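The model shown is predicted, which means the values in this text are computed figures rather than measured ones. Below, chain A is the first sequence line, B the second, and so on; all start at residue 1.
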Number of protein chains: 2
Amino acid sequence: MHEAGLRERKKAATRLALHEAALRLAAEEGLDRVTVEAIADAADVSRRTFSNYFSSKEEAIFYGDTVRLRRMLELIRDQPADEQPWTVLSRAAEALTIEVYGELAPTWLAQRRRVRRHPGLLAHHVAAYTTVERELAAELTHRLTGPEVALRSRVLAATCLATLRVALQQWIEHPDGPLLDMIRTALAEVRPTPGTPGPATGPG
Amino acid sequence: MHEAGLRERKKAATRLALHEAALRLAAEEGLDRVTVEAIADAADVSRRTFSNYFSSKEEAIFYGDTVRLRRMLELIRDQPADEQPWTVLSRAAEALTIEVYGELAPTWLAQRRRVRRHPGLLAHHVAAYTTVERELAAELTHRLTGPEVALRSRVLAATCLATLRVALQQWIEHPDGPLLDMIRTALAEVRPTPGTPGPATGPG
DNA sequence: AGCAATCTTGCGCGGCAGGCAAATTTGCGC
DNA sequence: GCGCAAATTTGCCTGCCGCGCAAGATTGCT
C-alpha cells in the first residue's frame with residue numbers, strides 16, 4: 001500500500017498551491033479584485049481545473065482551516081473512549097494549537113487580517129467549520145450516554161467549534177499573547193474546569 | 001414620528017414576499033431549478049429589484065431566521081441588566097420559541113425539510129446566525145465583568161446561537177415533541193442549570 | 001510497451017451580482 | 001390638491017462564475 005502515490009501528491013500540491021494563491025491574492029488585491037482565473041494562473045493551472053478542486057474562491061481561501069479541523073478529528077479519535085467528552089475536545093483543541101502554531105507565521109496572520117475586512121467572508125469562514133461539524137458530532141456520539149444522544153452530541157460539536165472559531169477570530173484581530181491562552185480562556189468560558197478559577201459572570 | 005410610513009410598509013411587504021416565494025419555490029422545485037428571476041416573478045417585482053433586497057436567493061430563503069434572531073435581541077435587551085448572562089440568553093430563547101411557535105406552521109416545517117436536502121444551504125443557514133452574532137456579543141458585553149470581556153462575550157454569543165441552530169435543525173429533521181423541549185435540552189447540555197438533572201456525560 | 005483509470009484543459013451555456021441612469025412612487029410643505 | 005425632492009423600481013449591460021461535456025495528457029499497473 002502506498003503512503004502517497006505521485007498522483008495523490010500532485011493533487012495535494014495543486015490544492016495547496018491554489019489555496020495559498022487564493023489567500024495571498026485576496027490579501028494583496030482585495031477579494032473582489034481577484035478573479036478565479038488569476039488564482040488559477042498563479043497556481044499554474046487552468047481556470048477549469050480550479051473548479052475541479054474548489055467550488056469558489058472563498059472555499060479555496062479557507063481550505064487551510066478545513067485541513068486543521070480534520071486534523072483535530074484525528075486527535076480526538078486518538079484519545080481513550082472513556083474520557084469525558086469536553087475533556088477530549090479541550091485536549092484535542094490544545095494539542096492542535098500547539099501543533100500548528102509554528103505554521104501560523106506572521107505572513108499568515110497579516111493575510112488573514114487583511115482578508116478579514118471583507119464582511120462577506122465571515123460566512124464562508126463559518127461554512128468551513130460547519131462542514132466538519134457533523135463528522136465531529138458523529139465521533140462524539142460514541143462518547144455519550146443518556147437520552148437525546150443525537151441532539152447532545154451535535155450541540156457539543158457545534159459549541160466547541162464555535163468557541164474555537166471565535167477564539168481564532170479574536171486572536172487574529174487582537175493577538176495579545178499566545179493563541180493557546182486565548183483558546184484556553186474561550187474553552188473555559190463554556191465549560192469552567194474545576195481548578196481553573198472561573199471568570200466572574202455578571203455583577204454581584 | 002411614524003410607526004411605519006407607507007414606504008416602509010411596502011418595503012417590508014416586498015421583502016417578505018420575496019422571502020416566502022424563495023422558500024416556497026426552493027422547496028417545491030429544488031434550489032437549483034429556481035432562478036432569481038422566478039422568485040422575483042412570484043413576488044411581482046423585477047429581477048433587478050430582487051437584488052436590491054437580497055444578495056442571493058439563499059439569503060432570501062433564510063430571511064425568516066434573521067428576523068427571528070433580531071427579535072431575540074430585543075427580548076434580551078428587555079431583561080434586567082444584573083441577571084446572569086446565560087440566564088438572559090436562555091429566557092430570551094425560550095420566550096422567542098413560544099412567541100413564534102404558532103407561525104411555524106406545518107407548511108413551514110415541510111418546506112424547511114425539503115430545502116434541507118441541499119447540502120450547500122447549510123452554510124447559508126449558519127451565515128444567517130453569524131450575522132447577528134456580533135450584535136449579540138455587543139449586547140452581552142455590558143452584562144459581563146472580569147478579564148477578557150471581549151472574548152468571553154463573543155464566545156457566549158457564538159455558543160448560544162450555535163446551540164439554538166442545532167436544536168432547530170434537529171427538530172426540523174426529527175420533530176418528536178415540542179420544539180421548546182428540544183431547545184431546553186440543548187441549552188442544558190452546554191450550561192446545566194442547578195435543579196435540572198444534568199445528563200450523564202460519558203460512560204461510568 | 002501497452003492499456004485502463006484518472007486528471008487536466010478548452011469550450012460553451014445558463015445564470016448571477018451589481019453599476020448606471022431613466023422612470024416611477026412616496027413624503028411633505030405649501 | 002400641487003409640486004418638488006428624495007427614495008425606490010426597473011431595464012440594460014458587463015464581467016464573472018459554476019459546471020457539463022468531451023478531447024487530450026498523465027499516471028499506475030502489468
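- Rounded to a whole Å, the CG atom of Asp32(A) is 20 Å from the P atom of dC16(C).
- Among the nucleotides dT9(D), dG15(C), dT8(C), the one closest to any side-chain atom of Thr35(B) is dG15(C).
- Using a 4.0 Å heavy-atom criterion, one finds that Thr49(A) contacts the bases of the nucleic acid, with or without backbone contacts as well.
- The nearest whole Å value for the distance from the CZ atom in Arg33(B) to the C1' atom in dG15(C) is 15 Å.
- With the nearest nucleotide of DNA chain C identified for both Glu37(B) and Lys10(B), Glu37(B) has the one nearer the 5' end.
- Taking atom CG of residue Asp41(B) and atom C1' of nucleotide dG11(D), one finds them 14 Å apart after rounding to whole Å.
- Side-chain contact of Ser55(A) with Glu59(A): a donor-acceptor pair under 3.5 Å is present, judged by distance alone.
- Whole-Å rounding puts the Leu31(B) CG to dG15(C) C1' distance at 13 Å.
- Axis angle, first five pairs versus last five pairs of the helix from dA1(C)-dT30(D) to dC30(C)-dG1(D): 30°, rounded to 10°.
- Using modelled atom types, one side-chain atom of Arg152(B) and one backbone atom of Pro147(B) make a donor-acceptor pair closer than 3.5 Å.
- Side-chain contact, Glu37(A) with Thr35(A): no donor N or O sits under 3.5 Å from an acceptor N or O.
- Judged by distance alone, the side chain of Gln79(B) and the main-chain N or O of Val88(B) form a donor-acceptor pair under 3.5 Å.
- The interatomic distance linking Arg15(B) (CZ) with dT9(D) (C1') rounds to 14 Å, in whole Å.
- At distances below 3.5 Å, not a single donor-acceptor pair connects side-chain atoms of Arg154(A) with backbone N or O atoms of Arg134(A).
- Of the possible donor and acceptor atoms, one in the side chain of Arg113(A) sits under 3.5 Å from a partner among the backbone N and O of Ile172(A).
- The nearest whole Å value for the distance from the OH atom in Tyr53(A) to the P atom in dG18(D) is 17 Å.
- Residue Gln111(A) forms a side-chain contact (heavy atoms from CB on, under 4.5 Å) with just one option from Val115(A), Thr107(A), Leu109(A), and that option is Thr107(A).
- The main-chain N or O of Val190(A) is found under 3.5 Å from a side-chain atom of Arg191(B) such that the two form a donor-acceptor pair.
- The ring-ring contact (aromatic ring centres under 6.0 Å, His included) test applied to His125(B) returns Phe62(B), Tyr129(B), not counting sequence neighbours.
- Counting to the nearest Å, the C1' atom of dC16(C) and the CD1 atom of Ile61(B) are 15 Å from each other.
- The distance between atom CG of Asp44(A) and atom P of dC7(C), rounded to the nearest whole Å, is 20 Å.
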Check nucleotides 17-20 of chain C for protein N or O atoms closer than 3.5 Å to its own N or O atoms and list the pairs.
{"residue": "dA17(C)", "atom": "OP1", "partner": "Ser55(B)", "partner atom": "O", "Å": "2.8"}
{"residue": "dA17(C)", "atom": "O5'", "partner": "Ser55(B)", "partner atom": "O", "Å": "3.4"}
{"residue": "dG18(C)", "atom": "O6", "partner": "Arg47(B)", "partner atom": "NH2", "Å": "2.6"}
{"residue": "dG19(C)", "atom": "N7", "partner": "Arg48(B)", "partner atom": "NH2", "Å": "2.9"}
{"residue": "dG19(C)", "atom": "O6", "partner": "Arg48(B)", "partner atom": "NE", "Å": "2.6"}

